[in-house]
Amino acid sequence: AQSVTQLDSHVSVSEGTPVLLRCNYSSSYSPSLFWYVQHPNKGLQLLLKYTSAATLVKGINGFEAEFKKSETSFHLTKPSAHMSDAAEYFCVVTGPYTGGFKTIFGAGTRLFVKA
Amino acid sequence: EAQVTQNPRYLITVTGKKLTVTCSQNMNHEYMSWYRQDPGLGLRQIYYSMNVEVTDKGDVPEGYKVSRKEKRNFPLILESPSPNQTSLYFCASSLHRGSGANVLTFGAGSRLTVL
């Protein structure tokens, strides 16, 4: 069975400080993992993806994530937050399952950035 | 421009009045999917389609229908809407049949209110 848990529903940081958004996953198969961002009143946009290549994945806008199989984690980080990073972030796992294919979204983490 | 187009973007309707939310993509994608987004629950998959005339239930299919008569279109039908279907709906597509390496392209969303 597949599942995704985003460990924080809200994260608040000050501008210029590091960002850490946590994601743990469960999958019976080797999963593909994604982070998407949703700005207010917008659709979802891909930040980065992991598909069994390098475990440290770099995305857009300075974000990166590290796939840690032993910890079943795929945490999203950014060294220095910007006001424009304020948004909701979704961790997503995809992969085969018996009889089909599943895409599962985490519940989301809302990032607040204080000036 | 490559995109997924949903209509209407906003709709207020009454219980029991059939409605259709259209979704069209211009990228020749095989895979299309519908999600609903509710606060604290992330995105949940309603239905998906691997290709023309091939559809399958997601995690929350009750009260919805879909069809895939053409590759580019994947309408979501609410035969008899109820207030618990008030939500934000997203259509998404990807190139191949649910391959984990393929990125989902999302529409801008359709906010539906059922009174």
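Below, chains carry the letters A, B, ... as their sequence lines are ordered, and counting in each starts from 1. Note that the coordinates shown come from a computational prediction; the quantities given were computed from them, not determined experimentally.
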key: CA sep, side-chain torsions, deciding dist, call: A/Y25, A/F67, ring pair (Phe, Tyr, Trp, His ring centres under 6.0 Å)   = CA-CA 10 Å; A/Y25 71 92; A/F67 174 70; 5.8 Å; yes
query = In chain order, what residues pass the side-chain hydrogen bond (donor to acceptor under 3.5 Å, both in side chains) check against B/Y64, with sequence neighbours excluded?
reply =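 Partners of B/Y64 by the side-chain hydrogen bond (donor to acceptor under 3.5 Å, both in side chains) criterion, ordered by chain and then number, come out as B/R36, B/Y89.
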key: Residue-level interface, residues 105-115 of chain A with chain B, non-hydrogen cut-off under 4.5 Å   =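 The residues closer than 4.5 Å to chain B, in numerical order, are A/F105, A/G106, A/A107.
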inquiry  = For a ring pair (Phe, Tyr, Trp, His ring centres under 6.0 Å) check, start with the C-alpha distance between A/Y89 and A/F63, then their side-chain angles and the critical distance, and finish with the verdict.
reply    = CA-CA 12 Å; A/Y89 293 79; A/F63 284 95; 5.5 Å; yes
Segment of A/Q38 engaging chain B (4.5 angstrom heavy-atom cut-off) =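 For A/Q38, side-chain heavy atoms alone lie under 4.5 Å from chain B.
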Contacting moiety of A/L44, where chain B heavy atoms sit under 4.5 Å =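 Both backbone and side chain.
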task = Under 4.5 Å heavy-atom distance to chain A, tell me which part of B/Q37 shows up: side chain, backbone, both or neither.
result =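 For B/Q37, the side chain is the part near chain A, not the backbone.
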ask   = Looking at B/L88, B/L104, B/L41, which one has more heavy-atom pairs under 4.5 Å with chain A than the rest?
value =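 Sorted descending by pairs with chain A, the first entry is B/L104.
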All ring-ring contact (aromatic ring centres under 6.0 Å, His included) counterparts of B/Y47, not counting sequence neighbours =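 B/Y47: no ring-ring contact (aromatic ring centres under 6.0 Å, His included) contacts found.
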request  = Answer yes when B/E53 and B/K69 have at least one side-chain N-carboxylate O distance shorter than 4.0 Å, and no when they do not.
outcome  =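 No, this pair does not count.
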ask   = Would you call the rings of A/W35 and A/F74 parallel, tilted or perpendicular, where under 30° means parallel and over 60° means perpendicular?
value =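 Plane angle under 30°, so parallel.
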List the atom pairs, donor and acceptor, that lie under 3.5 Å between side-chain atoms in residues 11-18 of chain B and the rest of the protein, sequence neighbours left out.
unit_1, atom_1, unit_2, atom_2, d
B/T15, OG1, B/L115, O, 2.7

Single-linkage hydrophobic cluster B/L43~A/F34, side-chain heavy atoms < 4.5 angstrom =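 Yes, it is one cluster - the side chains of B/L43 and A/F34 are joined through contacts under 4.5 Å.
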